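Every number for a ligand or one of its atoms is a count from 1 in the order of the listing. Every value quoted in this text rests on a predicted model; they were computed, and no experiment measured them.
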Amino acid sequence: MRKPLISGNWKMNTKLEEAESLVRAMVAELDSIDNVEKVLCPPFISLAAIKELIKGTSIELGAQNMYFEDKGAYTGEISPIMLTDLCDFVILGHSERRQYFAETDELINKKVKKALESGLKPILCVGESLEDNETGRTEQKITRQVNAGLAGVSPTSQLVIAYEPIWAIGTGKAATGKQANTTISLIRSAVANLWDEKTAEAVRLLYGGSVTSSNIAEFIIESDVDGALVGGASLKADEFVSIVRQTSSLKSIR
Ligand code: PGA
C-alpha cells in the first residue's frame, strides 16, 4: 500500500517571517493528521527556521530545486549536501524551471541521480503543454520526460513523480480526476517498462495543477493518484490543512 503524500510547493513566495507564521498557523493540525505524508517546500532561505518549527512533528521538508554538484564554484546554487541537513525531499524539473530557467531533461536527469545518491527523495515533475494536450501528444510527451528524467537511474521506491499539466498550473483550470488518473496510469506503465512492475507499484505518483480543498477529493479517490503537489492553495493554512485532512480520510476508506 502506497502512503499518500501531499506536498506544498510555496514557489517564490513568503519572506522569512511570513513563512514562519504560515507554519505556526498549521503545524499542530497537520501534525495530528495520520496516514498522509506531509511535506512543505518553502523557499531555501526559510528551510532552517521551519525545520526548528516542525521539530518533533510528523511534518517533513522539501526544497524546490538543487544543483547536481556537492560544492564548488557555482555561484548562486544550492547543493544536495547542504539540503540533506534540512530536507527529505527535493522538487526537480518543475515546469517553471524548465520554462524560465531552461532546464533540460538531461540536466534534470543529473539532478535526479544526484538527489538519490545523496539520500534525498526527488519529486520529479512532468507535464504537457496545452498545445501538446490539444494535439493528442500528452502520452508521447510524458513518456519522453519520464524516460529521460530516469535514464540510468536504478529502480527505487524513493522516487516520487508529480504529473502537472502546464495548462493546469496556477490557472484555476485543474484537470479532472479521470484525466489525471489516465495520465498517471500511463506514467506508472512507463516506470514499469523502464524498471519493473513491483517498483512501479511502489512509486508514488501525484497530481498537481490548481488543486484546492474544493477539488482534492476528485483526485484522491482515483486509484493511481497517490497525492498532490499543491502550489497556490498551500500558502493558505486552512486550505492546506483541509487538503491533507480530506486525503487522509478518503485514502483510508478506499
Ligand atoms: P498550483 O501550482 O497549485 O498553484 O496550480 C502547482 C505547482 O506548480 O506545483
Side-chain angles (χ1 to χ4, degrees), residues 4-14 18-19 22 26 30 36-44 46-47 60-66 87-103 108 111-112 115 120-130 132-133 138 141-142 145-146 149 159-177 179-181 183-184 187 204-220 222 225-247:
L5 191 161
I6 300 287
S7 179
N9 173 13
W10 296 8
K11 309 193 180 184
M12 197 176 71
N13 295 293
T14 67
E18 295 164 334
L22 180 54
M26 57 187 179
L30 281 183
V36 180
E37 209 166 343
K38 298 146 285 194
V39 181
L40 305 177
C41 304
F44 287 126
S46 299
L47 285 170
E60 295 167 285
L61 279 182
Q64 297 174 19
N65 183 30
M66 59 161 233
C87 298
D88 292 299
F89 290 85
V90 59
I91 298 172
L92 295 174
H94 191 281
S95 63
E96 288 149 15
R97 302 279 336 156
R98 294 176 192 259
Q99 187 183 348
Y100 305 132
F101 304 98
E103 291 203 6
I108 294 160
K111 293 183 176 190
V112 169
L120 291 163
K121 296 172 206 164
I123 302 177
L124 170 64
C125 300
V126 298
E128 84 286 5
S129 65
L130 184 61
D132 289 330
N133 184 275
T138 299
K141 184 69 177 282
I142 298 295
Q145 287 178 338
V146 170
L159 175 78
V160 177
I161 300 178
Y163 167 55
E164 299 206 310
I166 297 169
W167 45 269
I169 296 177
T171 57
K173 289 191 192 131
T176 62
Q179 277 174 325
N181 200 55
T183 308
I184 287 174
I187 295 175
R204 283 169 303 171
L205 305 180
L206 316 180
Y207 168 75
S210 297
V211 170
T212 65
S213 63
S214 313
N215 64 17
I216 183 67
E218 198 188 323
F219 300 104
I220 286 304
E222 295 293 338
V225 181
D226 303 314
L229 183 55
V230 185
S234 71
L235 293 166
K236 296 182 202 127
D238 53 346
E239 270 284 295
F240 193 66
V241 168
S242 168
I243 289 168
V244 174
R245 203 178 284 292
Q246 291 181 60
T247 302

Considering both backbone and side-chain atoms of [X], is one of its nitrogen or oxygen atoms within less than 3.5 Å of a nitrogen or oxygen in ligand 1?
{"X": "Gly232", "answer": "yes"}
{"X": "Gly209", "answer": "no"}
{"X": "Ser210", "answer": "yes"}

Show me which atoms of ligand 1 lie under 4.0 Å from any heavy atom of His94.
7 (C), 8 (O), 9 (O)
Closest heavy-atom pair and its distance - Gly231, Lys11:
CA-CE, 4.4 Å
Is a side-chain donor-acceptor pair under 3.5 Å present for Ser242 with Gln246?
yes
Between the side chains of Gln64 and His94, is a donor N or O closer than 3.5 angstrom to an acceptor N or O?
no
I need the nearest protein heavy-atom contact for [atom]: residue, atom name and distance, please.
{"atom": "atom 3 (O) of ligand 1", "answer": "Gly231 N, 2.8 Å"}
{"atom": "atom 7 (C) of ligand 1", "answer": "Glu164 OE2, 3.1 Å"}
{"atom": "atom 2 (O) of ligand 1", "answer": "Lys11 NZ, 3.2 Å"}

Kindly write out the residues that satisfy ring pair (Phe, Tyr, Trp, His ring centres under 6.0 Å) with Tyr163, not counting sequence neighbours, or none if the list is empty.
none
Which bit of Ile169 gets closer than 4.0 Å to ligand 1, counting heavy atoms only: side chain, backbone, both or neither?
both
State which residues pass salt bridge (Lys or Arg N to Asp or Glu O under 4.0 Å) with Lys111; sequence neighbours excluded, sorted by chain then number.
Glu103
Testing Leu22, Val230, Asn9 one by one against Leu235 for a side chain to side chain contact (heavy atoms under 4.5 Å, CB included), which residue passes?
Leu22
